[in-house]
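Here the structure is a predicted model, which is why all the values come from computation and not from measurement.
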2 protein chains.
Amino acid sequence: MLNFKHLHYFASVARAGGVIRAAERLHLTPQTLSGQIAQFEERLGVALFDRVGRRLELTEAGRLALSYAEEIFQTGSELEDLLKNGADQRFITFRVGIADVVPKFIAHRLLAPVLNLAEPVRLVCEEDRLDRLLAELALHRLDMVLADRPMPPGTDIKGYSHPLGETGVAFMAAPALAARLTGSFPDCLDGAPLLLPGRDSALHGTLPRWLERQGKRAHIVGEFDDSALMKVFGEAGAGAFPTPAASVADVTAHYQVVSLGETDEIRERFFLISAERRLAHPAARAVSEHARSGLFAQTEKSN
Amino acid sequence: MLNFKHLHYFASVARAGGVIRAAERLHLTPQTLSGQIAQFEERLGVALFDRVGRRLELTEAGRLALSYAEEIFQTGSELEDLLKNGADQRFITFRVGIADVVPKFIAHRLLAPVLNLAEPVRLVCEEDRLDRLLAELALHRLDMVLADRPMPPGTDIKGYSHPLGETGVAFMAAPALAARLTGSFPDCLDGAPLLLPGRDSALHGTLPRWLERQGKRAHIVGEFDDSALMKVFGEAGAGAFPTPAASVADVTAHYQVVSLGETDEIRERFFLISAERRLAHPAARAVSEHARSGLFAQTEKSN
DNA sequence: GCTTGCTGTTCGCGATTTTCGAACAAAGAG
DNA sequence: CTCTTTGTTCGAAAATCGCGAACAGCAAGC
């Protein structure tokens, strides 16, 4: 483990250009700094200074260390400043990672309770691929992640999945395309152009298998990492596309598309993934509780 | 000054979710961590944990501190890794900031000796406005800065200027434009369309004043922060433009332009700016020594 | 030459900080 | 209620840190 006190002394000496000037600034004595730096170098196994004449000159390793040290102490003092001055913030921030494949309307519905809490919350959303979000979660740069699958077991990243609910899948299409598709659902999907969620999505594998079981030919014309982009293509008539049954009302309200029909044989599930087993963040608890209290059931009924 | 040992213990407890589990991982006892964290909180004046039941939960300030701590210790261990494993790098890196206004050919000529040193050097160049480069120099993210002026005295950033040499100024123009300009130099500049280095450049002020002293009308059609962009416009016939006399050969070799003439009454000077008074970096010393040994005088002769 | 003043360094002791053993209080599980 | 597990308080031991004294080497001035 790196000794940050040593690093601090080293950086001070490097900046000041000598142990004596550094000692004055730090209100210490030269021999202290000299000794601590020698100790630091020995512990690292690398010389940080070249002793040339009666002068200290940075080695290449020293330059590297100095640039890192500057960065470290800068973020450190930034933190100190925030804690000492801005600690009595009225806002608590809630950083959520949202997997691309989670439809925006679902994400909004899941997160809506956050903004209605008694204590004001600043919601910070970030969308990306699930694996990258989980990496950020592990570094505590995110408070939670929304995904369409539980924590993948293979990774060595630790995280805990909390199911939020599930819903059937509806198929939507632009009106012009819908008119061309013959037969009732799900027969109308046979051979129809289809847009598929990307490889990262849970539906990516299950949906084609379901079509096959139904004896329908899959004609996949596109795959999309981002569900909103998929909807835009769908609206333009590129193909029919799946969407959570719970968000059909939202989708028809925002896009010029109609529902072809719904099935409960494919289930789309949503999960909250957190770094700790217990949900520590009040906003995360609100999300979990609201979702469990029949959020999807209600909305399916109301549609 | 932030206590990084305290911060480390705090982060460990927050990650582990309790003092006991954290104590096991750190090979310490719970009471040590408990005491150190209490001390840390008191020193900061902020509660990092909420004691709810027999459980520790992060406060909002704690979450903030944790995310900063993660970043700090990650860069710290990155540094440690680099120093311990990659310390015997065969390359030493040399990070140079180049003010936009410094012509590329001049920068190249000044930096060329760096790549011919006995010890191999990895040259990292960054171009930006001088003030931003000086800020980076102060943070030791750059080893030196090349500029067309010495260290500006007004700023509180500290840095030391080392003159590298000076040269007269030549005026260049596209052949078609040059043909239209009547009279010999400098008369031909009277009323001619002129491209000017940007506000950041030393020439920006001196060149119009020189024209005025010559009794020539200045007809400035454009200002450019980046000298290469100015040359491209000049090549297209937008106007005549100044360039260091020492780089006329380079410019005519790379752009379809001709020299209108040169003057020594405007001097363009170039400086090396470093964070320390003495040039510590071997590559920086090489730059300074090569430049001082008549780099510009020779090239002016050879042109 | 020699001296003076400056650099960084080594040594050992005292002061401070850190850590732990012991004991305690309180919350949850059975 | 009892037992386990949690975090905490207290004092004394242990490690670390920082200083005074003395030393070694370089550079400039007499």
Picking from D:dC17, C:dT9, D:dC19, the nucleotide nearest the side-chain atoms of A:Lys5 would be D:dC17

Check your understanding: Do B:His162 and B:Phe271 make the cut of ring centroids closer than 6.0 angstrom?
Key -> no

Assert: residue with more 5' nearest nucleotide on DNA chain D, out of A:Tyr9 and B:Arg54, is B:Arg54

Here the distance between atom P of D:dC17 and atom CG of B:Asn3, to the nearest Å, is 12 Å

Which of A:Phe10, A:Phe40, A:Tyr9 passes ring pair (Phe, Tyr, Trp, His ring centres under 6.0 Å) with A:Phe49? Answer is A:Phe10

On DNA chain D, more 5' by nearest nucleotide between A:Thr32 and B:Leu56 is B:Leu56

Exercise for review: For B:Tyr68 and A:Glu78, test the side chains for any donor-to-acceptor distance below 3.5 angstrom and give the result as yes or no.
Suggested key: yes

B:Phe10 atom CZ is separated from C:dT18 atom P, nearest whole Å, by 18 Å

Between CD1 of B:Ile20 and P of C:dA26 the distance, given in whole Å, is 17 Å

Atom CD1 of A:Ile37 and atom P of C:dT10 are separated, to the nearest Å, by 12 Å

* Look at all strands and tell whether A:Leu33 reaches a base, only sugar-phosphate, or nothing, counting heavy atoms closer than 4.0 Å. => nothing

Assign each of A:Gly18 and B:Gln39 the nucleotide of DNA chain C bearing its closest heavy atom; nearer the 5' end lies the nucleotide of A:Gly18

Atom CZ of A:Arg21 and atom P of C:dC6 are separated, to the nearest Å, by 13 Å

Exercise. How is B:Arg55 classified with respect to the nucleic acid when contacts are heavy atoms under 4.0 Å: base, sugar-phosphate, or nothing?
Worked result: nothing

Is any NZ, NE, NH1 or NH2 atom of the basic residue among A:Arg21 and A:Glu24 found under 4.0 Å from an Asp or Glu carboxylate oxygen of the other? no

So A:Leu134 and A:Pro152, do their side chains get closer than 4.5 Å, heavy atoms only?
yes

Check your understanding: If you take atom types as modelled and just measure distance, does the side chain of B:Gln31 reach the base of C:dG21 with a donor-acceptor pair under 3.5 Å?
Key -> yes

Among the nucleotides C:dT19, C:dT18, D:dC17, whichever has the atom closest to the side chain of A:Gln36 is D:dC17

Here the distance between atom P of C:dC20 and atom CG of B:Leu26, to the nearest Å, is 10 Å

note: B:Leu28, atom CG; D:dT8, atom P; distance rounded to Å ~ 15 Å

Here the distance between atom P of D:dC26 and atom CD of A:Glu57, to the nearest Å, is 14 Å

